[in-house]
Amino acid sequence: MQRKELDTESAELVHVDTSFEPLVPKFLTNRKKEVVTMHDALAAKDLETVRKVAHGMKGAGGSYGFDHISEMAAVIEQAAKNGDPVTIERDLPALGSYLDRVKVVYE
Amino acid sequence: MKPKILVVEDEQDTAELLKHVLEREGFSVLQAKDGRQASSLIGTVRPPSLVLLDLVIPYVSGAELLKLIRDHPDWARTPVIVVSADSYQPDIQQTLSQGATAYVTKQKGSADLIQAMKRILHPSASSPKQPIVKKLAKAVRKRPPSARRRPRGSHGEKRAA
């Protein structure tokens, strides 16, 4: 399967519904914790945990309007399903970095 | 009285967001964090106005819950919107054939979900100019474009229930 290239730079600014503002900091903190969880699971060769966590992140990201988080999580989920730790090793740091850089505009 | 919505969702942040959005839209929310909690509600409480159902949940799957709802005499006619992170078309079709009223993917900040809920709970009040929910349009609502130009009563709504 051809790898879907993800344009992280253009997605760093995310426009979110103002009413979501009280929920977003916790949402982002929890996604960062999940990156650590997936990193630890990958080190333990536990791809099932990676798959489950990535699946949850895919849905949560989409629900909050962070579609890029959802897309990156979907790639990791699919790699875990495929038993492909190389892709996860490559994309997990990119996801962590994106979570550190993303800026939210409430509107 | 506010319409009551049962939200079956195991991901905590998503569940909180759905509760927040639904209460903002004037609904009363009952939550179940897994399939076991949800299945214990079926038959022990009065059916809600609508169920929002995640498919991938612990203990009892969303598909199994859907069957429990459709097989229960009091709950069988309750609309169920499946809310899923997955958008694989064959899975969507299968879910609809198993009795889901609609299937909405978790995208774009929940706007599609609210549209779908309003169409199901208040079909005659939904503006024909509102954008049709993407998955709903493909999988459930197949009204011809000409039919969207005038308001319609509830008899005009087609669902997969």
Side-chain angles (χ1 to χ4, degrees), chain A residues 1 4 11 13-35 37-38 48-82 95 99 102 104-107, chain B residues 5 7-27 29 31 33-35 52-59 61-63 81-89 91-92 95 102-117 133-136:
Chain A
M1 192 176 96
K4 186 179 179 183
L13 199 63
V14 177
H15 297 260
V16 175
D17 187 317
T18 303
S19 76
F20 295 178
E21 188 168 1
L23 304 174
V24 167
K26 183 171 161 227
F27 162 80
L28 289 171
T29 299
N30 285 340
R31 303 295 78 76
K32 290 174 187 175
K33 288 179 182 172
E34 286 179 344
V35 168
T37 301
M38 287 192 280
E48 178 59 13
T49 293
V50 174
R51 185 195 65 74
K52 282 183 183 172
V53 173
H55 178 83
M57 191 185 293
K58 182 173 74 171
S63 297
Y64 275 76
F66 288 79
D67 288 347
H68 194 65
I69 292 176
S70 186
E71 289 167 13
M72 297 178 90
V75 171
I76 292 169
E77 180 193 18
Q78 190 58 49
K81 278 184 188 172
N82 294 343
L95 174 56
L99 287 168
V102 68
V104 183
V105 175
Y106 297 103
E107 58 183 20
Chain B
I5 312 290
V7 176
V8 187
E9 170 63 63
D10 64 320
E11 205 291 308
Q12 189 183 347
D13 288 324
T14 305
E16 281 183 27
L17 180 80
L18 289 172
K19 184 172 189 292
H20 174 85
V21 170
L22 294 173
E23 288 179 345
R24 184 189 68 186
E25 295 289 327
F27 298 109
V29 178
Q31 290 184 295
K33 66 179 181 183
D34 58 47
L52 299 185
L53 179 61
D54 188 11
L55 283 182
V56 183
I57 46 176
Y59 307 123
S61 75
I81 300 180
V82 167
V83 185
S84 174
D86 296 320
S87 55
Y88 184 55
Q89 277 296 328
D91 288 348
I92 293 173
T95 304
Y103 188 110
V104 176
T105 53
K106 292 174 178 173
Q107 295 176 331
K108 315 240 176 262
S110 308
D112 287 355
L113 176 62
I114 297 302
Q115 292 283 349
M117 290 177 59
V133 177
K134 187 177 175 187
K135 297 303 177 191
L136 211 57

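In what follows, chains carry the letters A, B, and so on, assigned in the order in which the sequence lines appear, proteins first and then strands, with residues in each chain numbered from 1.
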Do the side chains of A/Glu34 and A/Lys58 get close enough for a salt bridge, i.e. N-O under 4.0 angstrom? no
Are any of the side-chain nitrogens in B/Glu9 or B/Lys106 under 4.0 Å away from the carboxylate oxygens of its partner? yes
With A/Phe27, which residues qualify under ring pair (Phe, Tyr, Trp, His ring centres under 6.0 Å), at least two apart? A/Tyr64, A/Phe66
Tell me, side chain or backbone of B/Glu16 under 4.5 Å from chain A's heavy atoms, or both, or neither? both
If we only count heavy atoms from C-beta on, is the B/Gln89 to B/Ile92 side-chain gap below 4.5 Å? yes
Chain A contact via B/Val83 - side chain, backbone, both or neither, heavy atoms under 4.5 Å: neither
Which of the residues B/Gln12, B/His20, B/Arg24 is involved in the greatest number of heavy-atom pairs with chain A at under 4.5 angstrom? B/His20
Which residue out of A/Gly65, A/Ala60, A/Ala74, A/Ser19 racks up the most heavy-atom pairs below 4.5 Å with chain B? A/Ser19
